[in-house]
Amino acid sequence: QVQLVESGGGLVQAGGSLRLSCAASGRTFSSYAMGWFRQAPGKEREFVVAINWSGRTTSYADSVKGRFTISRDNAKNTVYLQMNSLKPEDTAVYYCAADKKSGHTTVVATTEGVYDYWGQGTQVTVSS
């Protein structure tokens with residue numbers, strides 16, 4: 001079992017930046033692809049970005065390309081989401097997720113059903 005704990009959310013003005021962190025328990029973190037999803041009020045959860053085990057393969061939603069950057073530190077069992085040029089429409093609860101089936105591959109899933117473990121989420125609010 002893997003536990004994921006997100007942190008770093010908060011309130012920021014439009015144009016500002018935040019860095020989210022997702023700390024994972026367990027010794028197999030380095031073999032999992034990791035993803036970030038978000039859910040705005042009244043909307044379905046949507047894919048934001050994913051990264052493979054090595055960090056060399058990533059996939060971004062069009063809405064965040066050029067503004068968000070995902071990275072990971074396998075030595076610290078942590079994945080990060082740097083969010084710049086934030087917009088009010090980025091307001092949501094952000095969740096990190098782990099895909100234990102990905103292994104040491106270039107697979108980065110964009111569908112939430114693929115992911116096996118989820119954090120509790122962290123709120124990001126962007127004011128206009």
Side-chain angles (χ1 to χ4, degrees):
Q1 189 74 12
V2 172
Q3 291 187 327
L4 304 174
V5 179
E6 302 96 335
S7 62
L11 174 64
V12 64
Q13 289 188 332
S17 298
L18 282 175
R19 189 175 82 152
L20 305 184
S21 299
C22 173
S25 65
R27 295 179 294 174
T28 52
F29 170 81
S30 62
S31 65
Y32 295 169
M34 300 294 295
W36 285 96
F37 291 75
R38 66 186 181 186
Q39 187 167 22
K43 295 187 177 182
E44 294 186 350
R45 190 155 57 184
E46 65 175 5
F47 170 76
V48 178
V49 61
I51 189 168
N52 80 323
W53 72 277
S54 68
R56 297 190 183 98
T57 302
T58 58
S59 178
Y60 290 85
D62 288 344
S63 59
V64 305
K65 280 181 181 177
R67 300 188 298 122
F68 290 12
T69 302
I70 190 172
S71 61
R72 66 189 296 161
D73 185 338
N74 287 340
K76 296 182 178 179
N77 278 14
T78 302
V79 63
Y80 304 98
L81 181 60
Q82 178 66 44
M83 304 186 296
N84 298 329
S85 302
L86 282 161
K87 305 174 181 180
E89 50 263 45
D90 294 318
T91 294
V93 177
Y94 283 71
Y95 300 89
C96 72
D99 174 9
K100 70 177 181 180
K101 301 174 292 297
S102 55
H104 293 141
T105 70
T106 59
V107 170
V108 283
T110 62
T111 305
E112 65 174 279
V114 172
Y115 288 83
D116 304 286
Y117 305 109
W118 292 82
Q120 293 299 308
T122 185
Q123 177 70 47
V124 171
T125 302
V126 184
S127 63
S128 57

Please report, to 0.1 Å, the donor-acceptor pairs under 3.5 Å made by any side chain of residues 39-50, with sequence neighbours excluded.
unit_1, atom_1, unit_2, atom_2, d
Q39, NE2, K43, O, 3.0
R45, NE, E112, OE1, 3.4
R45, NH2, E112, OE1, 3.1
E46, OE2, R38, NE, 2.6
E46, OE2, R38, NH2, 3.2

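Taking both residues in full, the closest heavy atoms of F29 and V79 are given as CZ-N, 4.1 Å, listed atom of the first, atom of the second, then distance. Nearest approach of V107 to N52, heavy atoms of both residues: O-CB, 3.9 Å. Closest of all the heavy-atom pairs between I51 and I70 is CG2-CD1, 3.5 Å. The minimum heavy-atom distance linking S59 with V108 is given by the pair CB-CG2, 3.9 Å.
Residues W53 and V2 are members of separate hydrophobic clusters, defined by side-chain heavy-atom contacts under 4.5 angstrom among Ile, Leu, Val, Met, Phe, Trp and Tyr. One hydrophobic cluster, built from ILVMFWY side chains closer than 4.5 Å, cannot hold both W36 and Y80; they sit in different ones. Hydrophobic clustering (ILVMFWY, side-chain heavy atoms < 4.5 Å, transitive): V114 and Y94 are in distinct clusters. Using a 4.5 Å cut-off between side-chain heavy atoms of Ile, Leu, Val, Met, Phe, Trp and Tyr, with links allowed through other members, Y117 and L81 fall into the same hydrophobic cluster.
The structure places OG1 of T69 at 11.0 Å from CE of M83, a figure rounded to the nearest 0.5 Å. Between S71 atom OG and M34 atom CE the span is 11.5 Å, to the nearest 0.5 Å. Going from atom OG of S85 over to atom CZ of R67 covers 7.0 Å, rounded to the nearest 0.5 Å. Annotation: the span from S30 atom OG to N77 atom CG amounts to 7.5 Å, rounded to 0.5 Å. Considering CD of E6 and SG of C22, their distance stands at 5.0 Å, rounded to 0.5 Å. Between atom OG1 of residue T122 and atom OH of residue Y95 there is a gap of 10.0 Å, rounded to the nearest 0.5 Å.
A salt bridge is absent between K87 and D90: the closest approach of a Lys/Arg side-chain nitrogen to an acidic carboxylate oxygen does not fall below 4.0 angstrom.
Shown here is K76, whose NZ atom has no more than 12 heavy atoms of other residues, nucleotides or ligands within 6.0 Å. A 6.0 Å sphere centred on CD of Q3 holds no more than 12 heavy atoms belonging to other residues, nucleotides or ligands. Counting non-hydrogen atoms of other residues, nucleotides and ligands closer than 6.0 Å to CD of Q120 gives a total of 12 or fewer.
Annotation: cation-pi pair R72/Y32 absent, no NZ/CZ under 6.0 Å from the ring centroid and within 45° of its normal.
The shortest distance between side-chain heavy atoms of Q82 and S17 falls below 4.5 Å. For the pair D116 and D99, the minimum side-chain heavy-atom distance is below 4.5 Å.
Note: Y115 and F37 have perpendicular aromatic rings, judged against thresholds of 30 and 60 degrees for the angle between ring planes.
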### Query
Do Y60 and T110 pass the side chain to side chain contact (heavy atoms under 4.5 Å, CB included) test, and can you show the C-alpha distance, the side-chain angles, and the key distance before you say yes or no?
CA-CA 9 Å; Y60 290 85; T110 62; over 6 Å; no

### Message
Quick one, V126 with E89, criterion side chain to side chain contact (heavy atoms under 4.5 Å, CB included). Give me CA distance, side-chain angles, the key distance, then yes/no.
### Response
CA-CA 8 Å; V126 184; E89 50 263 45; over 6 Å; no

